[in-house]
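We name chains A, B, ... by the order of the sequence lines, and we start the count at 1 in each one.
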Amino acid sequence: MAKDKKLLLVDGNSVAFRAFFALHNQLERFVNHNGLHTNAIYGFKLMLDKILGETDPANVLVAFDAGKVTFRTKKYDNYKGGRAKTPSELSEQFPYIKELLTAYGIKSYELADYEADDIIGTMAKEGEANGYEVTVVTGDRDLTQLTTDKTSVAVTIKGVTEIEKYTPAHVIEKYGLRPEQIIDMKGLTGDSSDNYPGVTKVGEKTALKLLKQYETIEGIYEHIDEMKKSKLKENLLADKEIAFMCKDLATIRTDAPLELTLADTKWDGAKREDLVAFFEEMDFKSFLAQLNKTSDAQNDEEAVSKLDVSELTADNLADLSYTEASDISFYLELANDNYHTADFWGFGLKIDDKFYAAKDVELLKQPKLRQLFEDEKYEIDVFDGKRTYAALNRLGITLNNINFDLLLVSYLLNTSDNSNDLGNLAHRHDYYDVKTDEEVYGKGAKRSLPAEDEVYFEHLAHKVKAISDLEDDLMVELKKNEQVELYLQIERPLSLVLAQMEIAGITVDRERLDIMQSEFKERLSELEQLIYQEAGEEFNINSPKQLGVILFEKLKLPVVKKTKTGYSTAVDVLEKLRGMSPIIDNILAYRQLAKLQSTYVEGLLKVISTDGKVHTRYTQTLTATGRLSSIDPNLQNIPVRLEEGRKIRQSFVPSYPDWEIFASDYSQIELRVLAHISGDPHMQAAFKEDSDIHASTAMKIFGLDDASEVTPNMRRQAKAVNFGIVYGISDFGLAQSIGSTRKQAKEFMQTYFASFPGVHQYMQDIIKTAREKGYVETLFHRRRYLPDIKSKNYNLRSFAERTAMNTPIQGSAADIIKVAMINMQTELKKAGLKAKMLLQVHDELIFEAPKEELETLKELVPKVMDSAVELAVPLKVESASGKTWFDTK
DNA sequence: ACGCTCACG
DNA sequence: ACGTACGTGAGCGTT
């Protein structure tokens, strides 16, 4: 089938420049095995794919500049003078961009004395004359002068693949000029990047006015005598020669003596082998994987391979043999995310090169399969060991020897991509022989088993195959990152500790919550009535939109802050309006109570299981810093700061009479971690002496000699400074938190850094490290990549810098408590205690225990926690116990 | 699905 | 001139 007559012309230099700078912040990530930078080549390829896909041209030509000397520089010495030299990281890539084009089967061309523009202009004319529809791709807006009804010009605007397409109508709309007038414009205004001057004192506005009246530069000078005497007229007359010369320089030639014709630009598509060879040379793994994927798709219409899967049944289970197996992968399929309650959908199993699947999970209880999981001599590879452990536990099966956990390992390799879907994660590792659950099961409420068992079993088989196939590569990566220990000693054992904590659950006193619910209900309706009275009408107090109308329009209170969508009614705003209207206090009280009622009282009641407990799920592979998070319910944000809310904790009780809740927390763990990694002697001394760290900071920054001179307000400000330091300080943020001016905040920071020079040094060093390596690490080599650290965008860059400062602190603290948890579980077992570890809230651990064990725990828990790691400063742990969680204070 | 608000460390 | 404190999850209202 003959293609449409379409000609694609690409300005090679300009697109390469755009690609290079678009990916400039990732320059060091794009280096191949020979040390060649490849970011421009990569970006060029992306752009090429996009434009080829959009236009599907029959003919393609990529034009390049031949060299510095052109007919333009001969006419005007300074043409393009003063331009920064092309960076060597880019110039080294040009030969390979031409190789890329060759692999694509695309002609590239350059011509002595001419620029790429002129080649394009000439070829565009020829294309038009031969009835072609022409598309020009460039990063240079000057080329829009070439637009006609047959030629459009696509200009890359942002990144590499975002383009703006110019037609004559679009040019007129955008510039107020016809395409052919662009050269007149440039003649008048000049071009600073190409370094030619134009007419003195004539800028865009004046030029537009002139061209509107006289059409062209020629037109202007034909009628110049009619113009009134003015500075402008004088300048025009004085610079007449310059104007014509500049117009000439700006004019793209359409008559360059090309040595090639339209026929030479015919494009028959890329040769796969050539592309493979080129991508291999460049280390473009994802492009290679894409090639494989598309070729597979072309071969058999399916993105994934066809596997031979046997359905396991009660009858054929006896035939299963694995005693000598060296490679076992298992995937348990559930109806939804909540593995504590979800229906079982089935499982997939890979034993060496054989694949099995079944819907009936009762089979797993049969000795034949049970043994596979429980006998420690079999190492099982899984995706999400915690989930698998907890779900098998519901079947009465203990998963005793997990080897490779694809989910955990992927997360450690890159804490920033945190999908929970096996297919998605596999794809991120350039492995495409498995579909995502969404593709097979559908999403949200529509999620369901495929109609045909064969389709389902194939998917299960591909999942276990992916686990098995990815193991070696990912473990090699872990090793390269020095993360094997983090995986084997921390994350993998922790996953099972967490599973046990989740399974244990914490008992909730339903009656207590019921009482609170009715009490809150009454108080809420009283407040509601008061608010309606004060507003003079009924409205939804929970709607920020409706509340905004009442406060700022009806009651005419001053607008303090706006959000994207309207007035802000957040607490800090309402605080400022206090005293202006009695409604504010009532709204604040209503808000506080409504939150407690809906999120905590009603929210918790909804998730109490039949055993009278709540079983949260800890997400171990979500946060960028290495912390855990808790969902369904979130037990890491139960109220504590306000007395009213704190009472929610009275509903968290032990599972047995005569047991108590026991809690231990690290005191100032993040600042201690900072004292350790920064090596700052003053900060370390403060912790070694076990002084009040905020007071001691206050003494430093206020220049006091004695702790008795520290006023509560000084301590409060010092505390805010310490927080700021941990968060990656900014004067703005600090000012906001202590309610000072930015200037004062800045002074605080400066005094702080002068007093704690080690901390200052650390902050500078860590940002430098992040820039050089592209990532930061915790004490145990947990990594977080920070690509934005090199961004030209101030906000993105600043954010990355604060993250670079904060992540090693927050992340190392997370590492430490994880180690403590693993050791804790071991110690509890070793000591034969009945006590159970139930919750982790970032720097605290919560247990339930028989009263008689409390004395033991009071010794044991702090000992285990403060000896989790050895730092340059001691770790301090504080403990308490009581009848309920509320009473552990 | 997304933004706002607010609960925690 | 810009516009930020770090890390989370849930409920609600609006789109």
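- Between A:Lys545 and C:dC12, a side-chain N or O to OP1/OP2 separation shorter than 4.0 Å is absent.
- For C:dC6, one of the phosphate oxygens OP1 or OP2 lies less than 4.0 angstrom from a side-chain nitrogen or oxygen of A:Arg802.
- As a whole-Å value, the separation of A:Ile809 CD1 from C:dA5 C1' is 13 Å.
- Applying the 3.5 Å distance criterion, the base of B:dT5 shares no donor-acceptor pair with the side chain of A:Arg591.
- Under the 3.5 Å distance criterion, with hydrogens and angles disregarded, a donor-acceptor pair is assigned to the side chains of A:Thr616 and A:Ser630.
- Remark: A:Lys768 engages A:Glu772 in a salt bridge, criterion side-chain N to carboxylate O under 4.0 Å.
- When heavy atoms are screened at a 4.0 angstrom cut-off, A:Asn540 is found touching the sugar-phosphate backbone but no base atom.
- Side-chain proximity of A:Asn634 to the nucleotides C:dG9, C:dT4, B:dC8 is greatest for C:dG9.
- Between A:Glu534 and A:Lys554, no side-chain nitrogen of the basic residue sits less than 4.0 Å from a carboxylate oxygen of the acidic one, so the salt-bridge criterion is not met.
- Comment: A:Glu439 does not engage A:Arg447 in a salt bridge, judged by the lack of any side-chain N to carboxylate O separation of less than 4.0 angstrom.
- As rounded to the nearest Å, C:dT4 and B:dG3 have P atoms that lie 14 Å from one another.
- One finds a side-chain N or O of A:Arg641 lying less than 4.0 angstrom from the OP1 or OP2 phosphate oxygen of B:dC8.
- Note on A:Ala624: only backbone sugar-phosphate atoms sit closer than 4.0 angstrom, heavy atoms only; bases stay farther off.
- Residues satisfying the ring pair (Phe, Tyr, Trp, His ring centres under 6.0 Å) criterion with A:Phe652, sequence neighbours excluded, are A:Trp885.
- When rounded to the nearest whole Å, the span between CZ of A:Arg742 and P of C:dA1 equals 12 Å.
- Within 4.0 Å (heavy atoms only), A:Ala735 reaches no atom of the nucleic acid at all.
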Quiz item: Which dot-bracket string describes DNA chain C (Watson-Crick N1-N3 plus N6-O4 or O6-N4, or G-U N1-O2 and O6-N3, all under 3.5 Å; [ ] crossing; | other strand)?
Solution: .....|||||||||.
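- The interatomic distance linking A:Phe732 (CZ) with C:dG3 (P) rounds to 11 Å, in whole Å.
- Using atom P as the reference point in both C:dC2 and B:dC6, the two lie 28 Å apart (nearest Å).
- Taking 4.0 Å as the cut-off between side-chain N and carboxylate O, A:Asp887 and A:Arg649 do not count as a salt-bridged pair.
- Using a 4.0 Å cut-off, some side-chain N or O of A:Thr565 falls inside it from OP1 or OP2 of B:dC4.
- Residue contacts shown for A:Val726 are absent, as no nucleic acid heavy atom lies under 4.0 Å away.
- Applying the 3.5 Å distance criterion, the base of B:dA7 shares no donor-acceptor pair with the side chain of A:Thr599.
- Note on A:Thr563: a side-chain N or O is less than 4.0 Å away from OP1 or OP2 of B:dC4.
- Counting non-hydrogen atoms under 4.0 angstrom, A:Asn637 reaches a base of the nucleic acid.
- Using a 4.0 Å heavy-atom criterion, one finds that A:Ser568 contacts the sugar-phosphate atoms exclusively.
- Nucleic acid contact class of A:Ile638 (heavy atoms, under 4.0 Å, all strands): sugar-phosphate only.
- Between A:Asp572 atom CG and B:dT5 atom C1' there is a gap of 11 Å when expressed in whole angstrom units.
- Using a 4.0 Å heavy-atom cutoff across all strands shown, A:Gln736 reaches no nucleic acid atom at all.
- For a distance-only test at 3.5 Å, the side chain of A:Tyr794 qualifies as a donor-acceptor partner of the base of C:dG3.
- The phosphate of C:dC12 (OP1 or OP2) has no side-chain N or O of A:Ser543 nearer than 4.0 angstrom.
- Using a 4.0 Å heavy-atom cutoff across all strands shown, A:Leu622 reaches sugar-phosphate atoms only and no base atom.
- Separating the C1' atom of C:dG3 from that of B:dA7 is a span of 26 Å, rounded to the nearest Å.
- Between the NZ atom of A:Lys746 and the P atom of C:dT4 there is a distance of 18 Å, rounded to whole Å.
- Among the atoms of the strands shown, only primed sugar atoms or phosphate atoms (P, OP1, OP2) are found under 4.0 Å from some heavy atom of A:Ile631.
- A salt bridge links A:Glu491 to A:Arg782: one of the charged nitrogens lies within less than 4.0 Å of a carboxylate oxygen.
- For the pair A:Tyr567 OH and B:dT5 P, the computed distance is 14 Å after rounding to whole Å.
- A straight line from CG of A:Asp843 to P of C:dG7 spans 17 Å, rounded to a whole angstrom.
- Side-chain contact annotation: A:Lys386 with A:Tyr618, donor-acceptor N/O pair under 3.5 Å absent.
- Rounded to whole angstrom, the span from the CD atom of A:Gln592 across to the C1' atom of B:dC8 amounts to 15 Å.
- Aromatic rings from A:Phe780 and A:Tyr487 are positioned such that their centres are separated by 6.0 Å or more.
- Between the side chain of A:Gln810 and the base of C:dC6, at least one donor-acceptor pair of N or O atoms lies under 3.5 Å.
- A:Asp731 pairs in a side-chain contact (heavy atoms from CB on, under 4.5 Å) with only one of the listed residues (A:Gln736, A:Arg742, A:Gln744), which is A:Arg742.
- Considering only the side chain of A:Arg784, C:dG7 comes nearest among C:dA5, B:dG3, C:dG7.
- Nearest to the side chain of A:Lys443, among B:dA1, B:dG9, C:dG13, sits B:dA1.
- Within 4.0 Å of A:Ser730, counting heavy atoms only, lies at least one base atom of the nucleic acid.
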